[in-house]
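The structure that follows is given in the form of structure tokens.
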Amino acid sequence: MTQEEVFKKLISHCKEYGFVFPSSEIYDGLSAVYDYGQMGVELKQNIKKYWWDSMILLNENIVGIDSAIFMHPTIWKASGHVDAFNDPLIDNKDSKKRYRADVLIEEQMAKYDDKINKEVEKAAKRFGESFDEAMFRQTNPRVLETAAKRDELHERFAKAMNDNDLAELRQIIVDYEITCPISGTRNWTDVRQFNLMFSTEMGSTADGAMKVYLRPETAQGIFVNYINVQKTGRMRIPFGIAQIGKAFRNEIVARQFIFRMREFEQMEMQFFVRPGEELKWFEKWKETRLKWHKALGLGDQKYRYHDHDKLAHYANAATDIEFEMPFGFKEVEGIHSRTNFDLGSHEKYSGKKLQYFDPELNESYVPYVIETSIGVDRMFLSVMSAAYCEEKLDNGESRVVLKLPAALAPIKLAVFPLVKKDGLPDKAREIMNDLKFDFKCMYDEKDSIGKRYRRQDAIGTPFCITVDHDTLVDNKVTVRYRDTMLQERIAISDIKNLISEQVSFKSLLKKIAQD
Ligand code: GAP
């Protein structure tokens, strides 16, 4: 199965089992907006809890806030979003379709990479065991020619983006003969900047209404509360403020399911440090955040850092943590050293002092900031894509199983009476009524036990408990483990301990806390 097919299956699985639905579906949907269903919302809550606890419980010097989505419009002027939060757009005059010029060029670069990888794959097949991939990449004339084209394109593209040179972006599209995927033609308009912020009006009368924006990131809500939190919480530098909340961007190229949405959720933490110490803290957070991801056990090889060569005007270091999605390695989280740009700019625009008096240095300064920023929805997608498995079983049947980390699974435990009579449902209910205070449980008595297992596998339930006639005599049940499908008989009184250990966030958090 190609990765594209796997991705399509994952999307339909998300819908079929109540994880993610297209928004407003009965009205034919709303592009790049999605709703989370009964299973999805549980998984999402668990992801958020894992992040929140890793920030708030593990760090005495990090506190949380929940700021409003609407903020004073000048905030977005100060942050640079009004003037510079733009995407370069180009239209194809024949198909009337609109594209991001930078994405068209990046896709062209990816085509060169694909071509190289195909050459490598072909050669690997031809030479078998004796194949030296590194040597082949360095010496094969066709690979070298394609790599040179890609590097030349990359250099022109990086320069045009850095210089904000829209005419050059268009020229690159023309020179590299990039065609519209719909019309197949090269009949392009000029490239224009398009601001990604959604705006609306606040106030009752048309005259008096004020233009306000739906926040495109949660970070600014933290910056403008920096002094409130520092003073009321008596926080001493270094300290952090964490927040989880919705953000909105009018994305033009909105595809790949929940990877790029117009309404999404971020988990952001701004860590305020002494000027001059920011790069040390940048390294520390880079490492801590990768540990957080890897602790989930989705596969260490699925992560990589991507250090930025083009830095935003406010940053002096930036990296992304990328995850291998079914459509390649993609950014899930950004870690940025944002200098004192944001606080400095808010000082200027608001006229209020946002300084910290450092008792050790006996001086005041505007703190520097390290930001960690992860999208909940992208995290959701990475967890789902790593967890989705189709397996052939020994009996010739197959199953779809979500091998979710137990702590994140929407349902922790399913309880089945073997049959719907002889007092087994009552016993099963009794067990569930005891466990429901600790875990999200599900009761199921319909169909054969095999079918019930399949249903739980498909939503990633790590444990199924079956109550049979012997249970009424020996107070034991059969526990069946999702990943191995092994079964064992355990005492009812041991169920809670067995499951608690596996589903708790504690073991995950301990892995991050270890140095
Ligand atoms: N405050 C910094 C900031 O917002 P960003 O790289 O633009 O930085 C941070 O966004 C994270 O938010 C990304 O790594 C991604 O996970 C998530 N994100 C950004 N745009 C998104 C979108 N349109 N849909 C889903 N997630 C998005």
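Order of listing sets the numbers, starting from 1, for every ligand and every atom in it. Position 1 is the first residue of the sequence; numbering continues from there.
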Using a 4.0 Å heavy-atom threshold (strictly under), name the region of E268 that reaches ligand 1: side chain, backbone, both or neither.
side chain

Under the 3.5 angstrom rule, does the side chain of N86 hit a backbone N or O of D83 as a donor-acceptor pair?
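Yes, the answer is positive, given that a donor and an acceptor are paired below the 3.5 Å cut-off.
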
Which bit of D320 gets closer than 4.0 Å to ligand 1, counting heavy atoms only: side chain, backbone, both or neither?
neither

Salt bridge R150-D113, side-chain N to carboxylate O under 4.0 Å
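Judged by the 4.0 Å cut-off on N to carboxylate O distance, R150 and D113 do form a salt bridge.
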
What protein heavy atom sits nearest atom 2 (C) of ligand 1, and how far away is it?
E371 OE1, 3.0 Å

Identified side-chain hydrogen bond (donor to acceptor under 3.5 Å, both in side chains) partner of T461 from the options Q456, R455, K412:
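For T461, the side-chain hydrogen bond (donor to acceptor under 3.5 Å, both in side chains) test succeeds with only one of Q456, R455, K412, which is Q456.
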
Can you list the ligand 1 atoms lying under 4.0 Å from a non-hydrogen atom of E217?
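Those qualifying, in numeric order: 1 (N), 2 (C), 3 (C), 4 (O).
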
What protein heavy atom is closest to atom 9 (C) of ligand 1, reported as residue, atom name and distance in Å?
S373 OG, 3.0 Å

for atom 12 (O) of ligand 1, nearest protein heavy atom and its distance come out as Q266 NE2, 3.3 Å

Can you tell which part of R378 has a heavy atom less than 4.0 Å from ligand 1: side chain, backbone, both or neither?
side chain

Basic-acidic side-chain contact under 4.0 Å: E265, K44
yes

Ignoring hydrogens and geometry, is there a side-chain-to-backbone donor-acceptor pair from N92 to S95 under 3.5 Å?
yes

Which residue and non-hydrogen atom of the protein lie closest to atom 18 (N) of ligand 1, and at what distance in Å?
F264 CE1, 3.5 Å

Give the residue and atom name of whichever protein heavy atom lies nearest to atom 25 (C) of ligand 1, and the separation in Å to one decimal.
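Result for atom 25 (C) of ligand 1: F259 O, 3.3 Å.
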
May I ask whether R338 has any heavy atom positioned less than 4.0 angstrom from an atom of ligand 1?
yes

What about G375: any of its N or O atoms under 3.5 Å from an N or O on ligand 1?
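Among all N and O atoms of G375, at least one is under 3.5 Å from an N or O of ligand 1.
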
Ignoring angles and geometry beyond distance, decide whether M261 reaches within less than 3.5 Å of ligand 1 through its nitrogen or oxygen atoms.
yes

Checking a contact table here: which protein heavy atom is nearest atom 14 (O) of ligand 1, and how many Å away?
E331 OE2, 2.6 Å

Shortest reach to atom 5 (P) of ligand 1 by a heavy atom, considering only R249, E333, E265
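Selected option, by shortest heavy-atom distance: R249.
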
Of K111, R137, E121, which meets side chain to side chain contact (heavy atoms under 4.5 Å, CB included) against I116?
R137

Contact check, D377 vs ligand 1, heavy-atom distance below 4.0 Å:
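Contact absent.
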
Nearest protein heavy atom with distance in Å, relative to atom 16 (O) of ligand 1:
V332 O, 2.7 Å

Any N or O of A219 that comes nearer than 3.5 Å to an N or O of ligand 1?
no

Whether R289 engages the ring of W285 as a cation-pi pair (distance to the six-membered ring centre under 6.0 angstrom, angle to the ring normal within 45°) should be assessed.
no

Where do E331 and F323 land on the side chain to side chain contact (heavy atoms under 4.5 Å, CB included) test, with the steps shown first?
CA-CA 6 Å; E331 173 192 344; F323 185 83; over 6 Å; no

Does the pair D175/R156 count as a salt bridge with the N-to-O cut at 4.0 Å?
yes

Taking E42 first and then K440, would you say they form a salt bridge - that is, a charged N and a carboxylate O separated by under 4.0 Å?
no

Has the side chain of R274 got a donor or acceptor atom that lies under 3.5 Å from a matching backbone atom of P367?
no

